[in-house]
Amino acid sequence: MRFHLLGSLEVLDDDMPVPLGGVKQRAALGFLLLHANRVVATSKLLQALWSRDVPPTARKMLQNAVSGLRGVLTPHGSGSEGSALLLTHAPGYLLRVDQNSLDLSRFQQLTEQGRGELSSGDWPAAAKVLRKALSLWRGPVLADLAETGINWPELTAIKDWRLATQEDCFEAELACGRHYEIIGELESLIEVEPYRERLNGQLMLALYRCGRQVDALSVYRRTRAALVEELGLEPGRELQEMERAILDHAPVLDLPPSVQRRHLLAVGQSSPVVITPPPAVESPAPAVAMDVTTVERKLVSVVMVSAQLGLAAGDGDPEDVDEVHQEVDSVVSAEVARLGGVVGGNVGSVFLALFGVPRTSEDDADRAVRAALAIRDRLSSVADVQIGVATGESLVRLPASGAPSATGVLLDQCRQLMALSPLGAVRACSATRDAAGSVTWATDPAPTSGWQAVSCVSPRGATRRSQAAVPFVERERELSVLQGLLDEVRTRRRPHFVTVLGEAGVGKTRLVNELTSSCSTALRGTATAFGDDHGYGLLSDVVRGFASPETLRAAVSSLVGVGELADHLTSSLTGLVEPSPDLSADFPSWRRFLEEIADSDPLVVFLEDLHWANDVVLDFVEELSEHAGSVPLLVIATARPELLQRRPSWFGGKRNATTISLEPLSHNGTRSLLNSLLETRELSADLWQALVSCVGGNPLFATEYARMVADPRMPCLHNEASLPVPPSVRGVLTAQLDSLPFEVKAVLQDAAVVGDLVSPGAVAATGQRDPGDVAKALELLEQRDFLRRQGRNSETGEIEYGFRHLLVRDVVAEQLPRALRARKHERALAWFEEPALDLIDRRAG
């Protein structure tokens, strides 16, 4: 079976249309296909089918539609290739579909492939693949359903994806010299999307290359007038630079000579112009790029599991042994994957797992020990296990395919810990013990070496950093805003929703704690990165803050009285406190619970680390903002900026919503905070300057550095020029770096080798990369706040960037292997010493 969404909804079986039911059945299928192979909550599906005025029988109607869809899909062979299977899966439904049978998935795959060709500079291949992707479209996405009034956000997102793909395709075709062919298509598309600046810039470039400079400048004036008059915005920097380049006849607008020669020969021919890519030129760049992308020095946690099969393997028959071995393998793989690690292979009955590869988490040591204890407990009836856990620096190789690997003495240390561990025990090194905050350890160290892990406590609150001892510095304005909103909520009896955004450790929790400490009724919930298997831990915290599981029924009865409502609320809330795998999202009951509390007394609900919450919880928070009644309810959510990557329109444009972004502390604020934390220490002026520079305005970093400096055993007191990076600070920074796309992170590594002040030319020379690609990567790094623009170089005219935080520069540079770093450093020095650049006063760092 094949499914078509890029146009009217179609289901084909051997190229024959499969008849579908009414509008609700078609809409249910369309929405499930938009979320193919993902669980869709029943509440979300109901909201999609009935955006307003949901009938009392809506849930029954949905069940009938799902039953009808199963009748359509099941007879066509649930086990055959390309078949679909519609499953009931808490908290809703799961439609399993072969990705190759869905035109939307095929479009996305081709788009990513084309963008890969585009980034590598193979313009003809990129244009061909992207044109193939666009040819899958037969009209607007789910055009027949859109005609009935359905206007899901997913449809807008897919439409924007298509527009971005068209822009990428035009970029590739412009690079191939096909400006004559695409002008008509660009003009037609701009009539529909007049505000897309990239499209207008591409039309300006195409017209200019066709000798129509006046028309190209007219496009700019028309676009600027529309933006200013209708939106009150000036065109973006790139469009303004395009206008200046056209006025100056800048050579950068011309085609590359190799393409230009072939293009001029083809002008005037009646047949389409076909551009043959220039012959490949051998260059050492790929080898260097391969080194950068596959080898890194990383802080990782290693787990080694030795399983002695014992009686479970019977008399040692190979088939019995293999059966038990497969079970052990399955348990190890499942627990490691559940907590974000990767299995690095096995030798016989010894299994290796890595945490912090390929992406670092701030709590890799916690995850590693938690996985080790879970493996121990699950295998207790199958095999006798010895488990070692070690944390430290390792050289990690990340192949393009296959499992990553790690080398270094860390693995030998882990093997020794495993060998010395008693049967059924988990033994870890001191670095792991110091970093794993949610683990209960034996009181004394092991007689030989290491520490024995006993059990894990819930990460909910156990690993939260203490905020009470951190002084409240430079957040008075933000606190005043929150207090004003709380007063308004109390006075007007109207709900309000606040999102406090900021990087890790910048003081989001400390700010909200300052407000809630004076509130009579405040409930708190914390989302965690791991250890919350059911996904509702944040909401469970809120309910437990209201009443313990034992007193929940009585507390609800005191709130709403006895009767049917109390019974229903108690049942729904008990499901949150003691969740089961088949827990269904009950948004109306959860909302009613908060409304009833707020109705009796103004309520503040603090939702912490919302960027780690699952989609159902995020849906509930957004639904609460739309449907909460007129009660004094203030909801404050703290999150890191990555929340906006998951939900770009988070509370955008809503009248009852406010977003506060916390910036790093100023130089004076940082010094004041350090003064409070180090009030008993006398420090030299050089050490003070080094501390303030390393902290970079982050209160968490200030706390960690103050703790380090207060330790008289630390060598930094004798060598103030180079303060070591505390492990927790390194973990935060490395996690931020690993969130970058791989190629962008490689450009940042090159920039770190160049020095404090970097430009596209210097970074491109250091990494042997294309300057245009490097310029785009540096712009992205500026947007992600790793770099900050410092102006233009007076000699070269290039934009120059500085690192937002010097620790970022140091940490990312240290990830490069020494030999590779030395080669890059030599290339950076050579670039600076080019006579034509005349940059005597600047040297590579």
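A donor-acceptor contact closer than 3.5 angstrom is absent between the side chains of Arg59 and Asn64. Residues Thr499 and Trp650 have side chains that bring a donor and an acceptor to within less than 3.5 angstrom of each other. Using modelled atom types, one finds no donor on one side chain facing an acceptor on the other under 3.5 Å when comparing Arg707 with Ser728. Donor-acceptor pairing under 3.5 Å is recorded for the side chains of Ser548 and Thr551. Side-chain atoms of Ser739 and Arg784 form a donor-acceptor pair, as typed in the model, at a separation below 3.5 Å. Under 3.5 Å, the side chains of Ser301 and Thr391 contain a donor-acceptor pair of N or O atoms.
Between the side chain of Thr734 and the main chain of Arg730, a donor-acceptor pair closer than 3.5 Å is present. Judged purely by atom type and a 3.5 angstrom limit, Asn656 uses its side chain to pair as donor or acceptor with the backbone of Ser625. Between the side chain of Ser600 and the backbone N or O of Ile597 there is at least one donor-acceptor pair closer than 3.5 Å. A side-chain donor-acceptor contact under 3.5 Å links Ser380 to the backbone of Asp377. A distance-only check finds a donor-acceptor pair linking the side chain of Arg70 to the backbone of Leu86 [under 3.5 Å]. Side chain of Arg493 to main chain of Pro632: no donor-acceptor pair is present (N/O by atom type, distance under 3.5 Å, no hydrogens or angles). For the pair Asp609 (side chain) and Gly525 (backbone), a donor-acceptor distance under 3.5 Å is absent. Although no hydrogens or angles enter the test, the distance criterion places a donor-acceptor pair under 3.5 Å between the side chain of Thr670 and the main chain of Ser666. A donor-acceptor pair under 3.5 Å is formed between the side chain of Asp366 and the backbone N or O of Gly437. Between the side chain of Ser558 and the backbone N or O of Ala555, at least one donor-acceptor pair lies under 3.5 Å.
In terms of heavy-atom proximity, Leu552 sits nearest to Thr570 at CD2-O, 4.3 Å. The nearest pair of heavy atoms linking Trp612 to Ala527 is CE3-O, 3.7 Å. Scanning both residues, Arg370 and Ser438, for their nearest heavy atoms gives NH2-OG, 3.4 Å. Contact record, Ala639 with His611: CA-ND1, 3.5 Å, taken as the closest heavy-atom pair. Closest approach of Pro91 to Val39, counting heavy atoms only: CD-CG1, 3.7 Å. Nearest heavy atoms, Cys456 versus Leu373: SG-CD1, 3.4 Å.
For the salt bridge (charged side-chain N to carboxylate O under 4.0 Å, His left out) with Glu503, the lone residue among Arg804, Arg640, Lys508 that qualifies is Arg804.
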- request: Given side chain to side chain contact (heavy atoms under 4.5 Å, CB included), test Leu624 with Phe497 step by step and report yes or no.
  value: CA-CA 9 Å; Leu624 180 64; Phe497 294 78; 3.8 Å; yes
query: Run the side chain to side chain contact (heavy atoms under 4.5 Å, CB included) check on Leu482 and Ile660 step by step: do they pass?
result: CA-CA 9 Å; Leu482 292 179; Ile660 298 175; 3.9 Å; yes
query: Can Leu677 and Tyr705 be said to form a side chain to side chain contact (heavy atoms under 4.5 Å, CB included), step by step?
result: CA-CA 10 Å; Leu677 296 170; Tyr705 269 101; over 6 Å; no
query: What's the verdict on side chain to side chain contact (heavy atoms under 4.5 Å, CB included) for Val40 and Leu32, showing C-alpha distance, side-chain angles and the deciding distance?
result: CA-CA 7 Å; Val40 180; Leu32 288 168; 4.0 Å; yes
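Taking CG of Leu486 as the start and CG of Leu634 as the end, the distance is 5.5 Å to the nearest 0.5 Å. Expressed to the nearest 0.5 Å, how far CG of Leu142 lies from CG of Leu33 amounts to 8.0 Å. Taking CG of Leu515 as the reference point, atom CD of Glu478 lies at 12.5 Å (rounded to 0.5 Å). Considering CG of Leu538 and CG of Asn614, their distance stands at 9.0 Å, rounded to 0.5 Å. Distance check: Leu539 CG to Leu523 CG gives 11.5 Å after rounding to the nearest 0.5 Å. Interatomic distance, Thr88 OG1 to Leu94 CG, rounded to the nearest 0.5 Å: 9.5 Å.
Take Asp567 and apply the side-chain hydrogen bond (donor to acceptor under 3.5 Å, both in side chains) test, not counting sequence neighbours, and it matches Arg553. Every residue two or more places apart in sequence or in another chain that forms a side-chain contact (heavy atoms from CB on, under 4.5 Å) with Ala27 is listed here: Leu49, Leu145, Ile150, Trp152. Scored by the side-chain hydrogen bond (donor to acceptor under 3.5 Å, both in side chains) test, Arg475 finds no partners at all (sequence neighbours excluded). For the side-chain hydrogen bond (donor to acceptor under 3.5 Å, both in side chains) test, no residue two or more places apart in sequence or in another chain qualifies with Glu595. Remark: Arg646 engages Asp615 in a side-chain hydrogen bond (donor to acceptor under 3.5 Å, both in side chains) (not counting sequence neighbours).
For the pair Thr360/Phe355, no side-chain contact is recorded, criterion being any heavy-atom separation below 4.5 Å from C-beta on. Side-chain contact between Pro726 and Val729: present, with at least one pair of heavy atoms (C-beta onward) separated by less than 4.5 Å. By the 4.5 Å heavy-atom criterion applied to side chains, Val512 and Thr509 are not counted as neighbours. Residues Leu662 and Val500 meet the side-chain proximity criterion, which asks for heavy atoms closer than 4.5 Å. Using a 4.5 Å heavy-atom threshold, the side chains of Thr432 and Trp451 count as separate. Considering only heavy atoms from C-beta on, Leu594 comes within 4.5 Å of Val542 through its side chain. You'll find the side chain of Leu573 stays beyond 4.5 Å of the side chain of Phe546, heavy atoms only. No side-chain heavy atom of Leu673 sits less than 4.5 Å from a side-chain heavy atom of Phe472.
Taking a 6.0 Å sphere around CD of Glu476, one finds it holds more than 12 heavy atoms contributed by other residues, nucleotides or ligands.
Ring to ring, Phe701 and His805 are close: their centroids are under 6.0 angstrom apart. The six-membered or imidazole ring of Trp590 lies near that of Phe587, with a centre-to-centre distance under 6.0 Å.
For residues 29-50, every residue pair satisfying the side chain to side chain donor-acceptor pair (under 3.5 Å) rule, not counting sequence neighbours, is listed here: His35-Glu154.
At a threshold of 4.0 Å, the pair Arg544-Asp541 does not count as salt-bridged, since none of the basic side-chain nitrogens sits closer than that to a carboxylate oxygen. Using a cut-off of 4.0 Å between Lys/Arg side-chain N and Asp/Glu carboxylate O, Glu622 and Arg647 are scored as salt-bridged.
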